Amino acid sequence: MLLSVIVPCYNEEENIRYFYDELNKNANFFKEKALDIEIIYVDDGSKDGTVREIKALNETDNRVKLVSFSRNFGKEAAIYAGFEKSKGDYAVVMDADLQDPPALLPEMFEYIEQGYDSVATRRVNRKGEPPIRSFLARKFYKIMNKISKTDIVDGARDYRLMTRQVVNAILSMGEYNRFSKGIYGWVGYKTKWLEFENVERAKGETKWSFWGLFLYSIEGIIAFSTAPLAIASFLGVLFCVLAFVLIIFILIRSIFWEDPTSGWQSLVCIISLISGVQLLCLGILGQYLSKTYLEVKNRPKYLVKEEL
Ligand code: UDP
Ligand code: MG
């Protein structure tokens, strides 16, 4: 049996070897289960010595594989590339910064043996994260689960062990705008959730800026829900009704009271409000259209510069 360990890396030179050493602390477990492993480092266009570090490992250990992108394509693309390259009967995705503790692997594997198709992890707290970020993240998951049919779990990490069947299911979802948390939920299969305390990243810094996370959350909503479109239509109907009521009101008022020039201030307010709502709805529509545009162009999700 072969286990593919997929590690997306972006500027992680300090973590590459560290991760390798930590993973190998499970060596006895792998031996006991007669599991061969392959470690697929996917270099997501790093600008530091990440590739050099991976190559150095590859020279001493041929279980270490490398896929190096021509530029930064994002973690989602890196995970997809890792899945495509993986040959294992099982595959697991792990962050290079050791925020996904390798020590959890034996327990995860136990559940696979018990017949689960996939073992997912979620962190129960967000220790070491700015409070505003945690707050907004929690709100995001709440809203997301209300408006999407796909189950998206709060605190879920990409750290997941799965069987070949699940990997193939994920690979069959060839969309360009990838939102893993939604994709995992969408494919289904019998999933066991394990919980662990948040671990702070080993070295280096997180790649997520506040703005980056915000855009990512919008991407998630657009990819797995059409609720914003429904909201736009609802607003349209609401304002039509409102306008109709106003027309009747004004008609009656001018017939019985004759005061044609009064109320221009409120008119200005109404016009600004409604044009605002119109632009908002157009914006929502535009978001979906732009995603559709990217999908139909059918561009490759990533370009490989080098492979080992
Ligand atoms: N990562 C990547 N491409 C990117 C950003 C991040 O492959 O564009 C990798 C990164 O090297 C790390 C993992 O994704 O292994 C998680 O990134 P990070 O630790 O920055 O995110 P966080 O843990 O803060 O959510
Ligand atoms: Mg991290």
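Quick caveat: nothing in here was measured; it's all calculated off a predicted structure. For this chain, numbers begin at 1 and follow the sequence in order. For ligands, and for the atoms within them, numbers begin at 1 and follow the listed sequence.
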To the nearest 0.5 angstrom, please state how far the NZ atom of Lys33 sits from the CD1 atom of Ile112.
12.0 Å
For this output row, return yes or no: ring centroids of Tyr216 and Phe179 closer than 6.0 angstrom.
yes
Measure centre to centre between the rings of Phe109 and Tyr90, then say whether the value is under 6.0 Å.
yes
Whether the Asp97 and Asn15 side chains hold a donor-acceptor pair (N or O, under 3.5 Å, no angle test) is what I'd like checked.
no
State, without any angle test, whether Glu12 and Tyr18 hold a side-chain donor-acceptor pair at a distance under 3.5 Å.
no
Is the closest basic N to carboxylate O distance between Lys75 and Asp158 below 4.0 Å?
yes
May I ask you to decide whether Arg178 forms a salt bridge with Glu219, counting only side-chain N to carboxylate O separations under 4.0 Å?
no
Do you know which of Leu2, Leu3, Val5, Ile6 makes side chain to side chain contact (heavy atoms under 4.5 Å, CB included) with Ser86?
Ile6
Lys NZ or Arg CZ of Arg160 over Tyr184 ring: under 6.0 Å, within 45°
yes
Per-ligand residue contacts, ligand 1, heavy-atom threshold under 4.0 Å:
Pro8, Cys9, Tyr10, Glu12, Asp44, Asn72, Gly74, Lys75, Asp95, Ala96, Asp97, Gln99, Arg157, Arg201, Thr206, Lys207, Trp208
Metal environment of the Mg ion (ligand 2), protein N/O/S under 2.8 Å
Asp97 OD2, Gln99 OE1
